[in-house]
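Convention: sequence-line order gives letters A, B, ...; per-chain numbering from 1. Here the structure is a predicted model, which is why all the values come from computation and not from measurement.
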2 protein chains.
Amino acid sequence: MTTSGAGAESIDHARIAAALAVRGEPACRVRDVLDRVGDKWSVTLVHELGGGARRFSELRRGVPGISPRMLSATLRGLERDGFVLRTVHPTVPPQVEYALTPLGHTLLDTAWSLMNWALEHADDIDDARREYDAK
Amino acid sequence: MTTSGAGAESIDHARIAAALAVRGEPACRVRDVLDRVGDKWSVTLVHELGGGARRFSELRRGVPGISPRMLSATLRGLERDGFVLRTVHPTVPPQVEYALTPLGHTLLDTAWSLMNWALEHADDIDDARREYDAK
DNA sequence: TTCCTTGGTTACGTGGAGGGAACCATGACG
DNA sequence: CGTCATGGTTCCCTCCACGTAACCAAGGAA
């Protein structure tokens, strides 16, 4: 595919732009945030970075199951939205640090409240599902 | 806690940290709930139902862009998880009411805190995106 | 010379979420 | 009889998020 200029595979910005084009309702903003937070790895990565700056391979090891492709893509999405700062140290071998920005920390706080709600009501949801499926 | 968070230092960070530290079921539950809330229409529908019970075609008209297929599927998912109560009035033509359960209202509260965060930082995100895309 | 590391990129394949449109049962109304 | 409204269901198709695997550049070590 190789969308735009850099010759690198990238996140589909057009789709995000389309989502942003629909404005007006606050619910649209929530959807926008959920598109970001609701993907498979963003919350996990933000949570991991909440413990301090990490290098690429540290994240790779610290987040079991993530592929370098998804790690790279997710980090770039978070960087694009201003949640993560990417710092390259021109050493050999290369060393790249990823850290939460202040904005990223506010996202982390919001994610915590979402997780808190999830944990509080996970049992309620499970019960409701079992009851529904029993019928 | 609804919008402010001023009521209590409500978020149990230690508990969430514990849940996420265990690379097992609790973390999966969090992801499970995020998957439910992160789909395309759930939050929008919950937001809509926050204004009171609605009938199928009222939702269809009130949520622009949703197809009857997705409306039906999403409502059933929300009902299964205990967020929505479906009430059939055996009239002619049939009349079906969807309303938030108490559990659904807690989800709405959480969505509200998300909205606040989103509205607070929407400009930051937009700026970050423009800056990133400019490079 | 060959291997090791870091920090990625690229090609390829797949499942499932979601869109579109047609279809359906019921009964009142005209 | 045909038409309208409600509250959906079913089929088909597209697209893209994600997974897998291979590859790459640079330089130090052995």
Using only atom types and a distance under 3.5 Å, with no angle test, would you say the side chain of [X] pairs donor to acceptor with the backbone of [Y]?
X	Y	result
A:Thr110	A:Thr106	yes
B:Ser42	B:Val37	no
B:Arg54	B:Gly51	yes

[X] has an atom [atom1]; how far is it from atom [atom2] of [N], in whole Å?
X	N	atom1	atom2	result
B:Ile66	D:dG7	CD1	P	15 Å
B:Arg60	D:dT9	CZ	C1'	12 Å
A:Glu58	C:dG7	CD	P	8 Å
B:Arg61	D:dA5	CZ	C1'	10 Å
A:Asp35	D:dC16	CG	C1'	13 Å
B:Trp41	C:dG16	CH2	P	22 Å
A:Leu71	D:dA17	CG	P	17 Å
B:Arg36	C:dG16	CZ	P	16 Å

Looking at [options], which one has an atom nearest to any side-chain atom of [X]?
X	options	result
B:Pro93	D:dG7, D:dA5, D:dG19	D:dA5
A:Pro94	C:dG19, C:dG27, C:dT6	C:dT6
B:Gln95	D:dG19, C:dG19, D:dG7	D:dG7
A:Phe56	D:dG8, C:dG8, D:dG27	C:dG8
B:Pro68	C:dG19, D:dT9, D:dT20	D:dT9

Practice prompt. Determine whether B:His121 and A:Leu103 make a side-chain contact, defined as any pair of heavy atoms from C-beta on separated by less than 4.5 Å.
Written response: yes

Are OP1 or OP2 of [N] and a side-chain N or O of [X] less than 4.0 angstrom apart?
X	N	result
B:Arg55	D:dT6	no
B:Arg69	C:dG20	no
A:Arg86	C:dG8	yes
A:Arg76	C:dT9	yes
B:Ser72	D:dT9	yes

Discussion item. Would you say CD of A:Glu58 has more than 12 non-hydrogen atoms from neighbouring residues, nucleotides or ligands within 6.0 angstrom?
Written reply: yes

Worksheet item: Which part of the nucleic acid, if any, lies within reach of A:Ser57 when heavy atoms closer than 4.0 Å are counted: base, sugar-phosphate only, or nothing?
Response: sugar-phosphate

Item to complete: Using heavy atoms to find the nearest nucleotide of DNA chain D for A:Val92 and A:Met70 separately, return the residue whose nucleotide is more 5′.
Response: A:Met70

